[in-house]
Protein chains: 2
Amino acid sequence: MTESSKPRRAQILDSASRLFSERGYHATSMRDLAGELGMQGGSLYAHISGKEELLIEIVNVASQQFDEALFTLRAADMRADDKLREAMHRHIRVVADNMDSATVFFHEWKHLSPEAYARVTGWRDSIDAFYRELITQGVEDGTFRRDLDPRMTAYLVLSAVNWAYTWYRPGGPLTPRNVADSFADMLLGGLRAVPEPPRP
Amino acid sequence: MTESSKPRRAQILDSASRLFSERGYHATSMRDLAGELGMQGGSLYAHISGKEELLIEIVNVASQQFDEALFTLRAADMRADDKLREAMHRHIRVVADNMDSATVFFHEWKHLSPEAYARVTGWRDSIDAFYRELITQGVEDGTFRRDLDPRMTAYLVLSAVNWAYTWYRPGGPLTPRNVADSFADMLLGGLRAVPEPPRP
DNA sequence: CCTACCGATCGGTAGG
DNA sequence: CCTACCGATCGGTAGG
């Protein structure tokens with residue numbers, strides 16, 4: 001399906017994702033958005049009910065993408081380190097494939113109405129819980145160090161995969177798989193040389 | 001110096017940091033800001049030249065804080081792993097002590113005018129360079145694994161320390177030192193149990 | 001999907 | 001620091 005054959009509504013959402021990510025939600029006017037699509041401002045309302053509907057839909061779609069990527073891993077029968085690597089790969093892939101909506105997701109969710117806001121908070125909690133459970137599993141089955149704090153470990157992993165929205169460049173030399181493998185290698189094996197050099 | 005004895009201009013900047021971080025730059029009106037300080041909208045302009053001046057100053061102060069924290073470490077004669085731990089501690093402390101301006105820094109810099117925007121970009125590059133050099137030093141002196149890619153390693157470290165602006169809670173049970181030590185232990189030593197359990 | 005329009009609100013200023 | 005105001009722009013609507 002070429003860009004111009006997409007349903008008008010999908011085109012509007014694509015443009016909105018790009019403009020909201022580049023300029024921010026409040027700094028993007030409905031006339032800016034309409035102009036991108038060769039329309040007049042008022043014409044948008046034949047396709048959507050309002051500006052906030054766009055934000056809600058962008059954020060919801062992004063949440064779903066993360067959910068679908070990670071949820072099927074939850075019960076997977078894999079060793080914890082392999083599962084962590086695969087989760088990071090999928091997570092980074094969602095970010096990399098949706099740089100605009102990921103940016104909107106991380107920056108603009110504070111502008112949502114209370115109900116939509118609560119949904120995003122709930123989603124965040126479920127992703128946190130996914131990583132914490134994964135770490136706990138790995139600690140219990142002996143794959144991970146016993147002194148790990150699942151909460152801090154989950155924060156560290158989430159930092160790595162989420163922050164990618166600020167620096168990853170689709171079409172560049174690094175694939176999501178490259179990034180995930182690099183990060184997972186460092187996280188799992190540690191940065192320090194083995195054996196550790198003697199402290200002078 | 002109590003809050004009310006601070007120069008008016010400093011009070012304005014504090015309130016602006018909080019409002020910009022909570023609601024975003026464009027969603028905060030000058031009347032919102034004035035109201036926080038018990039003023040009328042127009043009265044702000046006796047103290048400042050315009051809205052963007054506030055954003056520029058908040059971002060500049062934040063940049064300076066990061067610079068001052070990290071620059072003195074650059075030439076420090078420490079082993080690379082200790083230096084990394086100390087850099088992470090200082091970096092997280094700046095974030096933790098300035099949660100509002102850090103949030104503004106990470107979210108609102110896209111709204112700066114071209115000159116201020118360029119300054120922020122330059123700053124980002126210098127922080128990146130700091131961490132890359134630190135990694136390179138550690139690889140060369142044998143403290144870090146030889147197969148590390150300084151660029152990816154710097155991204156991983158920066159992810160951990162920057163992302164703290166999304167979840168750290170000042171006044172909570174974790175100090176910046178706790179967070180930095182936890183992250184540094186995991187990053188330097190790795191998550192995997194040693195010796196590694198046999199793969200089934 | 002367009003034209004023409006609505007009330008509301010914006011950042012900023014003049015004059016005191 | 002306030003009152004009163006400016007032009008510009010906002011999201012959204014009516015009628016076609």
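Everything numeric in this text was worked out from a predicted model, so none of it was measured.
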Let me check I have this right: for DNA chain D, each base becomes ., (, ), [, ] or |, based on Watson-Crick or G-U pairs with both distances under 3.5 Å. What is the full string?
||||||||||||||||
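- Ring geometry, B:H91 versus B:Y131: the interplanar angle falls from 30° to 60°, so the pair is classed tilted.
- A donor-acceptor contact shorter than 3.5 Å links the side chain of A:E53 to the backbone of A:S49.
- The nucleotide range of DNA chain C contacted by chain B, defined by atoms under 4.0 angstrom from heavy atoms of the protein and reported 5' to 3', is C:dC10 to C:dT13.
- For the pair B:S43 (side chain) and B:M39 (backbone), a donor-acceptor distance under 3.5 Å is absent.
- For A:K83 (side chain) and A:A76 (main-chain N/O), a donor-acceptor pair under 3.5 Å exists by modelled atom type.
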Under the side chain to side chain donor-acceptor pair (under 3.5 Å) rule, what do A:T72 and A:R90 come out as? Steps first, then yes or no, please.
CA-CA 11 Å; A:T72 55; A:R90 293 186 185 192; 2.8 Å; yes
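- Using a 30° and 60° split on the angle between ring planes, A:W163 and B:Y165 fall in the perpendicular class, above 60°.
- Side-chain atoms of A:R23 and B:K110, non-hydrogen and from C-beta on, never get closer than 4.5 Å to each other.
- Between A:G42 and A:S29, the residue whose closest nucleotide on DNA chain D is further toward the 5' end is A:S29.
- Looking at which nucleotide of DNA chain D each of B:R31 and B:R8 is closest to, the 5′-most match is held by B:R8.
- Side chain to side chain, A:H89 and A:R177 meet the donor-acceptor criterion of an N or O pair below 3.5 Å.
- In this structure, B:W123 has its ring center closer than 6.0 angstrom to the ring center of B:F105.
- Using a 4.0 Å cutoff on non-hydrogen atoms, the parts of residues 44-58 of chain B near DNA chain C are B:Y45, B:G50, B:K51, ordered by number.
- There is a side-chain donor-acceptor pair under 3.5 Å between B:S21 and B:D100.
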